[in-house]
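Below is one structure, written out as structure tokens, with a few remarks after it.
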Amino acid sequence: MAVLYVARSSNASKWGANVGLTKHIYKVGVADESAEAAVKALNQSAHAGETDWKLVKKEEAEGIDEASAIARLARKERMVDPALYPKIKGVRGIFKVKIVNVENQLFVKQALENLQTKNIKISHPEIAAYLIHCVLK
């Protein structure tokens, strides 16, 4: 069974902030075996020029491949164009996330569950859960 995973690199986040994208940059991918092995392969191949990728969240997803996962997520969030940035030339699946979209989804989820809406601080696992939700919905 395929595993949908979200990984982040602190160096890629710093790079994104420096070039004017955002510091909220995440890699979304699909692995046939395990997400941990996929992230290890990202680090070994210096994916997007970085070797500090860490797995944030993973979820089993039946009948999905990486190309369709990227296409589904690209409808909601903006993928970093690999043709515009030499550092990530040819690399697909890196997305910049608008924190407002994550907050809105969490507020709606809390309202539907009749929980008291409160100010929330967005963390990396919540962003990863949002990205996975956008792919699988």
Ile99 with Val108, same ILVMFWY side-chain cluster at under 4.5 Å: no
Leu4 side chain reached by Val28 side chain, heavy atoms, under 4.5 Å: yes
Test side chain to side chain contact (heavy atoms under 4.5 Å, CB included) applied to Glu59 and Val135, step by step: CA-CA 11 Å; Glu59 189 168 321; Val135 171; over 6 Å; no
Main-chain N/O of Asp52 paired with Asn11 side-chain donor or acceptor, under 3.5 Å: no
Spacing of Trp15 atom CH2 and Ile88 atom CD1 [to the nearest 0.5 Å]: 4.5 Å
Smallest separation among heavy atoms of Lys57 and Ala128, with atom names: CB-CB, 3.6 Å
CA sep, side-chain torsions, deciding dist, call: Ile127, Ile122, side chain to side chain contact (heavy atoms under 4.5 Å, CB included): CA-CA 7 Å; Ile127 294 171; Ile122 305 298; 3.4 Å; yes
Contacts of type side-chain contact (heavy atoms from CB on, under 4.5 Å), residue Glu113, not counting sequence neighbours: Lys109, Leu115
Same cluster (ILVMFWY, side-chain, under 4.5 Å), Tyr26 and Leu73: yes
Cluster check Leu84, Ile25: I/L/V/M/F/W/Y, side chain < 4.5 angstrom: yes
Salt bridge present between Glu66 and Lys27 (N-O < 4.0 angstrom): yes
Main-chain N/O of Ala41 paired to Ser45 side chain as donor or acceptor, under 3.5 Å: yes
Euclidean distance, Asp65 CG relative to Ile70 CD1, rounded to 0.5 Å: 9.0 Å
Side-chain heavy-atom pair Tyr5, Leu42 within 4.5 angstrom cut-off: yes
Side-chain donor or acceptor of Ser13 paired with backbone N/O of Lys23 under 3.5 Å: yes
Lys89 side, atom NZ; Asp81 side, atom CG - distance, nearest 0.5 Å: 10.0 Å
Within 6.0 angstrom of Arg92 CZ, more than 12 heavy atoms from elsewhere: no
Spacing of CD belonging to Gln110 relative to CG belonging to Leu106, to within rounding of 0.5 Å: 6.5 Å
Non-hydrogen atoms of Gly90 and Pro82 that approach each other most closely: N-CB, 3.6 Å
Test side chain to side chain donor-acceptor pair (under 3.5 Å) applied to Tyr130 and Glu103, Glu77, Gln105, the passing residue: Glu77
ILVMFWY network linking Val39 to Ile132, side-chain heavy atoms under 4.5 angstrom: no
Cluster overlap Phe95 with Tyr85, hydrophobic side-chain contacts below 4.5 Å: no
Lys/Arg N to Asp/Glu carboxylate O, Glu50 vs Lys87, below 4.0 Å: yes
For the student: nearest non-hydrogen atoms of Ala2 and Ile64, plus distance: CB-O, 3.8 Å
Ile94 side, atom CD1; Arg8 side, atom CZ - distance, nearest 0.5 Å: 13.0 Å
From CD (Glu36) to NZ (Lys54), nearest 0.5 Å: 14.5 Å
